[in-house]
Chemist: 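My questions will all concern the structure given below.
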Amino acid sequence: MPTKLMLQAWAILGTLLVMFVGESTAADPRNGERIAERWCSGCHIVTSGQQQGSDQIPTFAQIGRSGRFDEQSLGVFLRAPHHSRMPNLSLTRSEVADLVAWIESHSR
Ligand code: HEC
């Protein structure tokens, strides 16, 4: 029966679409935490439990509270390292989104 087959095809397509859309819109703060600990905690105080870091460098809590960084501006900031003492970290758009989600969830 071709109609049943078509229904199945649509169902699969629909599932893929939902997965794809879910993937691209929902930032994952837990992945943001992993990125932060791996790439940022050498200099920034990333978590409140962290022992090492520099008092010359804003903590992630301060960065979050400042409200100056959303997905867009953090992405721009991280891609423009020439005016900063930060290393050139090439993170993808979705990694930046995850970072921002995590920073924001820790600043409230
Ligand atoms: C090698 C040390 C180092 C690493 C690693 C590092 N940073 Fe920084 N960061 C700094 C310094 C130093 C500053 C102070 C501002 C400046 O000189 O640009 C800074 C400033 C910032 C600021 C700006 C704060 C403000 O209010 O202007 C943001 C946002 C930031 N860092 C995010 C990150 C993120 C996200 C990561 C990890 C992906 C990271 N940094 C990794 C050293 C570092």
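All values below were derived from every heavy atom in this structure, side-chain atoms included, with hydrogens, water molecules and symmetry-related copies excluded. We count ligands from 1, going down the list as the structure has it; atoms in each ligand are counted the same way. The chain is numbered in sequence order, starting from 1.
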Chemist: For the 3.5 Å polar cut-off, considering only N or O atoms, please tell me whether R68 and ligand 1 meet it.
Modeler: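 Checking ligand 1 against R68, an N or O pair does fall under 3.5 Å apart.
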Chemist: Should P87 be listed as contacting ligand 1, given a heavy-atom distance under 4.0 Å as the test?
Modeler: yes
Chemist: Going by the atom numbers of ligand 1, which of them fall below 4.0 Å from some non-hydrogen atom of L89?
Modeler: 36 (C), 37 (C), 38 (C), 39 (C), 41 (C)
Chemist: Nearest heavy atom to atom 22 (C) of ligand 1: which of F60, F77, W102 does it belong to?
Modeler: F77
Chemist: Which bit of P58 is near ligand 1, meaning a heavy atom under 4.0 Å away: side chain, backbone, both or neither?
Modeler: side chain
Chemist: Could you name the option among I57, L74, L99 that has the heavy atom nearest to atom 29 (C) of ligand 1?
Modeler: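 The residue whose heavy atom sits nearest atom 29 (C) of ligand 1 is L74.
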Chemist: Identify, with sequence neighbours excluded, every residue that meets side chain to side chain donor-acceptor pair (under 3.5 Å) alongside S73.
Modeler: D70
Chemist: Residues in side chain to side chain contact (heavy atoms under 4.5 Å, CB included) with E71, at least two apart?
Modeler: A97
Chemist: Classify the contact between I103 and ligand 1 as side chain, backbone, both or neither, using a heavy-atom distance cut-off of under 4.0 Å.
Modeler: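 Neither part.
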Chemist: Using 0.5 Å steps for rounding, measure from the CD atom of Q62 to the CZ atom of R68.
Modeler: 11.5 Å
Chemist: For the side chain of Q8 and the backbone of L5, is there at least one donor-acceptor N/O pair under 3.5 Å apart?
Modeler: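 Between the backbone of L5 and the side chain of Q8 there is no qualifying donor-acceptor contact (under 3.5 Å).
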Chemist: Atom 8 (Fe) of ligand 1 and H44: any N/O/S contact shorter than 2.8 Å?
Modeler: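 It does; at least one qualifying atom falls short of 2.8 Å.
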Chemist: Taking D98 for the side chain and D28 for the main chain, is one N or O donor matched with an acceptor at less than 3.5 Å?
Modeler: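 It does hold such a pair.
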Chemist: Around atom CD of Q72, are there more than 12 heavy atoms from other residues, nucleotides or ligands closer than 6.0 Å?
Modeler: no
Chemist: Among G64, C40, C43, which one puts a heavy atom closest to atom 3 (C) of ligand 1?
Modeler: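 Heavy atom nearest to atom 3 (C) of ligand 1 belongs to C43.
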Chemist: Tell me whether ligand 1 is touched by L91 - counting only heavy atoms on the residue side and a distance under 4.0 Å.
Modeler: yes
Chemist: When you measure from the side chain of S41 to the backbone of R38, do you find a donor-acceptor pair of N or O atoms at a distance under 3.5 Å?
Modeler: no
